[in-house]
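In what follows, a structure is listed as C-alpha cells, so that the remarks can point back to it.
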Amino acid sequence: MGILQLFLVLCIFFASSVVGFGVDPALRISVFDELRLGDGFDGLTQVQGFHSETRAFHFQGSSREVRASAEVSAQMVKKLKGKNEFTVLATVKQDRLNSGVILSVHQSDHRFLELESSGQRSEVRLHYRTKNQQDHTEVFPYSLADDQWHKVSVAVSASHVILHVDCNRIYERVVEAPSMDIPEDTSFWLGQRNAAHGFFKGVMQDVEVLVMPQGYISQCPDLNRTCPTCNDFHGLVQKIMELQDILAKTSSKLSRAEEKMNGLDGCYCERTCSVKGVIYREDEGWTDGCKNCTCTNGTVHCEAISCPPPQCPAGTAPAYIKGACCKECQPVCLFGGRELVEGDQRAVRDSSGRCLLFECRDKSMHRVVPTEPCPELNCPESEQIALSNRCCKVCRGHDFCSEGHGCMEHSDCVNLEAGDCCVCKDGFRPLRDDNAYCDDIDECAEGKHYCRENTMCVNTPGSFMCICHTGYIRIDDYSCTEHDECLSGLHNCDENALCFNMVGGHSCSCKPGYTGNGTVCKDIDECADGFVECDSKSTCVNLPGWYHCECRDGYHDNGLFSANGESCVDINECKTGRNTCANDTVCFNLEGGYDCRCPHGHNCTGDCIHDNKVKHSGQIWVLDNDRCSVCSCQAGQVMCRRMVCDCDNPNADLFCCPECDPRLSSQCLHQNGLLTYGSGDTWVENCQQCQCLQGQVDCWPLPCPPVDCEFTVVPEGECCPRCVTDPCQADTIRNDITKTCTDEHNISRFSGSSWIKHGTECTLCQCKNGHICCSVDPMCL
C-alpha cells in the first residue's frame, strides 16, 4: 500500500472514530452504566427517552441518593484526574422552573466539576476549582428547564469553555483554567448535589464525560472537528517556558564554568591522592602497613613488601615489633628451657601457690611487681582460666581483643580461649604469617569469580562485581541478557517514530506522515506539499501525521466521510431553520448559503410568525404551552420574558411565582442544617446569593462590578476583586504574553512563567506582565 493510500485510510478511520463510533473506552465515562441505574435507586423510573437506543430515567422526589460507590467513584475520578481537556454531555428534559444539578463531582464544599441548570433564573452553571485552588462558577444565561428535550454539552480545553445546546454553539469563553487535581475520596453524584440539595427533576439520557478535546462531536457529528484547542496553545506555551528555564540554568552553569576556566590559566594543575585523610603529591611514596604505595596521576598504586629471612646473631631471634611489617632481630631470654623475646612475660607459682610474674628485658628475666590487685571475677571457679603471661585469672569467654591488638586494616581480631589472634577478612589474603596485615584478592585477574556471559568482571575491595555490557540488562548478580530499550522506554526515538529493538541497541524510524531520521521527526504538510486535492466544497486541513478535507461553511458531510471531501453536501438553511430571515421575508436556499427575499405584494413591515400564526408588530400574548411567559412582536422579532410576580396580590399564580408560596412544604433548609427559610427568602452563603423557591434552594454567584485593570486581588473576607497597582500583590492577572520579563541571565520570560532565582534555593520569581515579583518560600528554608 502506498503512503498516500495509507493516509486516506487513516483519514477515514479518524473521521469515524471522532463521531462516537470508536471512542476509546478509556476516555469515556458512561455515568448510567457506571452507577448501574437499573439496579433500583429510589426516586428513579426508567421511561421512554429522546431516542430508543439507550436508557432514560425520570428523576423525581427529594428523598433519593443517586451516587457512585467509593470504588466506582475512584475509578471515574482516576480517568478525570489531572486532565486539561474534557466534555460533559447529557440529553435532558427538565421540569419547568426546576433548578437542579445534572452531575456533581465534589469533596465536602469543594466542587471540582458540577453542571447545574437553574429554571428559576434561566441559567446553566459550571462549577469547578481553579488552579489557584479557588472555587469558581461560570454562568451561561440559557433556559433548559422548559419541559422540552435538549442535547447539552460543555467542552473544556484548558481555559477555553464552549456550551452547545441542541448542536448550536451558544457560548464560547476564555475562563480561569480548571484544576482536575481531584482527591481519591471525592463523591460522584447524579441528578443532585448531595442528599439535601440540588435535586434535578425531569428525564435524563446519555449522561457522559469524555476525556478528550472537542468531545461534543460525539453528540453532534456535523460540528467542525479540526480546530486546534486552547489546551494545544497552553501546552506550547508551557513547553517554551520549560525551555526558557533550561536555557537559564544552562547559561548559569556555563558562566560558572567560564569563571573557573579563566582562573586556571595561571595555575599549574597537579593531580594528588588522598589516603586516610592525608594528601600525597605526584610521585610521592609512603608505606602503608605491609605495602609500599606511590601516587601516580591521581591514582594510588601499591605493592606488597617482600620480607627477606632475617640473619640474626647469637643471643637474638626474629620477631614482629609494633609499626613494622617484617620481622626484626630481638634479644632473647632463656626461661624454663624456652626462648622469650624482648617484652614477653611469664607467670610461675611457687610451692605455696603464690604467683610471680617475670618479663624479658635486656636478655634477662626481671620480676614484675603488680601495682593493683586482681579484679574480682563474677564466674564460678570451674569457669576461671589461668594464663601463662599474667597472674590474674579470667573467666572463660574473656574478650582479649578489647584489651588492644595488632590486627590492622582488612584484618579482624578473633578471641581464643587463652588469648587472641588475627584473621583476614573475606576476599583478602595475609601478607605475613600472623595475619595482622592483609591484601585484597583480585578475583577478576585470578579467575576466582562467577561472572557469566554478557558481563564484565570488576574487582572491588574484598569482592568483585559483574557489570552488564552496553545494551544488556541484569538478570541476577552474575548474569545479564539483552536489554529491550523499546519495551522499557529507555530509547531516544521521537514520539512520532517507531522503535525497533536490536542486539545491543535499537533503531528509530518515523511513522507514516512524518519525515526525519527517527530521533527527530517532523510532520509532513500534505496540504502545502500538494499531495492532496480536496473537492471544491471542502478545504484541506493539515493535522499531525495526516490531513483532512473539511467541509466549507454552508456544507456538511452526508455520513460517508470520503477522504477527498466528495461527501460534503449543501446545508438547506431554509428547511433546517438555520437562517435569520424575518419581517415577512422568505428564505431561498443557495449552494453553500441562503438568501432572504421579500415576496411580491408584501411590504415586510415587521409582523411576526409565531407557531404558524401571524402576530402584528406591538402585539402581546401569553404562550399556550407556558402560562408564565409573556411574548410580544417587536419589529419582526418575537421577544418573550417571564411574568412579573407581585406577592402582595392574594391571587398571585403560585405556579409561576413560587416565591410567593407561604406553605410549610415550600420551606428550605440552610446549607448548615440549622436555619429554615420560607419560599421566596434569600440569603448570602460563601459569596453566593441563595433563594428558597417551593422547597428548592437555588444559589448563584454574587454579581460583582466589572474591573477593567491588569491586576486584581480579592481582599480577605470579601467576594469581589479590586484593582491594585502593585502586580506583586495581585492574585489574578490578565496575562499578556507580549509583555515579557528579563531575568538575571538576560533571558526573556513569558508573563505567567516562574523560576528559581540564580544563586538561591528558596526564592521563587514570577513574571507578571513585564514585572518581576520574587518571594521566599518559608517552607523551603
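Bear in mind the structure is a predicted one, so any value in this text is a computation, not a measurement. The first residue in the sequence is number 1, and the count goes up from there.
- Of the inter-residue distances, the one linking M180 atom CE with R129 atom CZ reads 10.5 Å to the nearest 0.5 angstrom.
- A salt bridge does not link K537 with E591: every distance from a Lys NZ or Arg NE/NH1/NH2 to an Asp or Glu carboxylate oxygen is 4.0 Å or more.
- F140 has its side chain out of reach of I170: every pair of non-hydrogen atoms, C-beta onward, lies at least 4.5 Å apart.
- With 3.5 Å as the limit, one finds a donor-acceptor pair spanning the side chains of T137 and H127.
- In summary, the side chains of T91 and Q205 do not present any donor paired with an acceptor at a separation below 3.5 Å, with no hydrogens or angles considered.
- Looking at Q120, its side chain does come within 3.5 Å of a backbone N or O of L97 through a donor-acceptor pair.
- Put simply, the residue from P178, P183, S104 that forms a side-chain contact (heavy atoms from CB on, under 4.5 Å) with F112 is P183.
- For the residue pair E138 / H136, a side-chain donor-acceptor distance below 3.5 Å is found, with atom types taken as modelled.
- Looking at Q691 and T682, their side chains never bring a donor and an acceptor atom within 3.5 Å of each other.
- Counted by atom type alone, D109 and N686 present zero donor-acceptor pairs between their side chains at under 3.5 Å.
- Applying the 6.0 Å contact sphere to CG of N649 captures more than 12 heavy atoms from other residues, nucleotides or ligands.
- At a threshold of 4.0 Å, the pair D698-R121 does not count as salt-bridged, since none of the basic side-chain nitrogens sits closer than that to a carboxylate oxygen.
- Between V66 and L37, the closest side-chain pair of non-hydrogen atoms falls below 4.5 Å.
- A donor and an acceptor atom, one from each side chain of N194 and H106, are nowhere located under 3.5 Å apart.
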